[in-house]
Number of protein chains: 2
Amino acid sequence: MKARSRPTQRGIPTPTARGEAFRIVAPGVNYGIMNRLLGSHLRRAQILVYEDFFKAVEGSEITPPLFASLILIKENPGMSQGVISTVLGIAKSGAMSLVDKLEALKLVERRPHPENRRSKSLHLTAAGHRELKLLEEAVEKFDLHASRNLTKQERETLLLLLRKLDLPTRTDSAPSRSEDRD
Amino acid sequence: MKARSRPTQRGIPTPTARGEAFRIVAPGVNYGIMNRLLGSHLRRAQILVYEDFFKAVEGSEITPPLFASLILIKENPGMSQGVISTVLGIAKSGAMSLVDKLEALKLVERRPHPENRRSKSLHLTAAGHRELKLLEEAVEKFDLHASRNLTKQERETLLLLLRKLDLPTRTDSAPSRSEDRD
DNA sequence: TATTGTTATACTCTATAACTATA
DNA sequence: TATAGTTATAGAGTATAACAATA
């Protein structure tokens with residue numbers, strides 16, 4: 001599938017360590033349609049949760065994609081680098097730089113792949129296992145903390161709905177554009 | 001409030017027009033703790049919804065922050081540029097470039113502020129009103145489409161929970177880090 | 001002295017494309 | 001001919017910092 005004929009990055013505001021875009025902080029401001037859009041709510045929620053993620057990993061060099069990569073390597077030992085680019089949906093070069101960083105941090109090592117000499121086999125180092133264990137605990141704790149406004153039941157419902165949102169039903173159908181009107 | 005002493009952008013993967021990171025597409029891959037993290041689910045959901053957003057605005061130069069800016073200006077006519085940077089949580093320079101683009105697109109104009117000669121008063125142009133009307137309709141339609149896996153009731157519940165997640169309860173408290181254990 | 005807008009600069013993430021070595 | 005990894009390059013978004021005009 002080809003990417004749309006657009007500039008690569010479409011100006012999607014990226015949450016930062018401070019937690020940013022769409023945060024409602026200005027009193028007396030009207031948000032119009034944004035109050036009804038799932039997209040706006042998801043963005044705000046993501047920012048909120050990312051704030052806690054960054055607290056969780058404070059002091060480490062770990063970012064969300066690096067964390068996800070570590071998890072994948074831990075859960076699928078020996079997997080090739082391509083899996084990262086597939087699962088995270090980034091370009092091969094992106095997966096490269098993620099693994100480069102993890103290798104530089106001595107958390108991951110590339111070994112020759114036993115079956116395919118083109119591939120590299122990814123493994124956590126001993127330090128990687130130790131570090132990830134701590135990270136997982138912290139991230140999970142802060143992830144729970146991020147949803148402190150919700151009851152346990154509400155959090156479960158939220159996870160359920162988000163999971164359902166992303167289910168395979170995903171046909172590539174699309175509603176009619178506004179041009180079709182009248 | 002001061003920013004944390006971190007590099008500005010922390011490598012958070014940004015969803016692109018194609019919809020990217022954390023998308024589960026590789027069969028037989030284990031995701032470990034990510035299956036339980038709100039952060040992972042939110043990211044996937046956001047990517048999904050952003051895909052539809054980009055379909056909605058196809059053919060225009062509009063991005064999510066540009067769209068949000070247009071909404072803000074429409075809903076709060078005459079507001080100053082600072083509101084954009086506050087609400088979207090971006091730096092002043094970021095709001096600058098957003099307004100610059102909207103002005104270049106002839107959708108917004110900067111007028112002298114009646115009360116404060118340092119400020120500019122932001123207004124939609126006639127074209128801006130026309131264009132935004134179409135954009136709003138399309139975005140709302142595609143935003144609904146993005147949640148096609150959910151019933152109407154489920155979508156409402158989801159919005160409710162996301163809203164609740166981001167409520168003012170937000171104390172700046174944080175759970176204990178893993179170092180605190182034992 | 002603080003604030004609004006502005007400009008210049010640098011950094012990060014990500015994509016594309018070309019290259020290599022294998023298959 | 002296709003695939004896994006690699007490398008180099010370029011584009012977009014955002015932050016920081018310094019500046020001018022105004023408060």
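Note that these values count all heavy atoms, side chains included, but never hydrogens, waters or copies made by symmetry. Below, chain A is the first sequence line, B the second, and so on; all start at residue 1.
Put simply, the side chain of A/Arg155 never gets that close to the backbone of A/Lys152: no donor and acceptor are under 3.5 Å apart.
Checking each of A/Lys141, A/Lys74, A/Arg130 against A/Glu136 for a salt bridge (Lys or Arg N to Asp or Glu O under 4.0 Å) leaves exactly one that passes, namely A/Lys74.
Distance CD1 (A/Ile90) to P (C/dT12): 17 Å, rounded to an integer number of Å. Put simply, OH on B/Tyr50 is 15 Å from C1' on D/dA12, counting in whole angstrom units. In this structure, the CG atom of A/Leu66 is 13 Å from the P atom of C/dT12, given to the nearest Å. Distance, B/Met96 CE to D/dA15 P: 15 Å, rounded to whole Å. Taking atom CG of A/Leu88 as the reference point, atom P of C/dT14 lies 9 Å away to the nearest angstrom. Atom-to-atom, CD1 of B/Ile47 to C1' of C/dT14 comes out at 13 Å; the value is rounded to the nearest Å. In this structure, B/Leu98 atom CG and C/dT6 atom P are separated by 13 Å, rounded to whole Å. Taking atom CD of B/Glu115 as the reference point, atom C1' of C/dT4 lies 14 Å away to the nearest angstrom.
When all heavy atoms of B/His41 and B/Met34 are compared, the closest pair comes out as CE1-O, 3.7 Å. Of all the heavy atoms in B/Leu165 and A/Ala45, the pair that sits closest is CD2-CB, 3.6 Å.
Using cut-offs of 30° and 60° on the angle between ring planes, the pair A/Tyr50 and A/Phe53 is tilted.
Closest to the side chain of A/Lys92, out of D/dG5, C/dA15, C/dT6, is D/dG5. Proximity note for B/Arg110 (side chain, C-beta onward) versus D/dA8, C/dT6, D/dT3: the nearest is C/dT6. Checking D/dA23, D/dG5, C/dG5 against the side-chain heavy atoms of B/Ser80 singles out C/dG5 as nearest. The A/Arg118 side chain lies nearest to D/dT3 when the options are D/dT3, C/dG5, D/dG13. When the nucleotides C/dA21, D/dA8, C/dT7 are ranked by their closest atom to the side chain of A/Ser93, D/dA8 comes out on top.
Taking only side-chain nitrogens and oxygens, A/Arg117 never comes nearer than 4.0 Å to OP1 or OP2 of D/dA4. A sub-4.0 Å separation between OP1 or OP2 of C/dC13 and a side-chain N or O of A/Lys101 is present.
Summary of the strand contacts: B/Gln81 and A/Asn116 both lie near DNA chain C, and taking for each the nucleotide with the nearest heavy atom, the more 5' one is attributed to B/Gln81.
Among the protein residues, B/Gly82 comes within range of the sugar-phosphate backbone only, with heavy atoms under 4.0 Å from sugar or phosphate atoms but none that close to a base.
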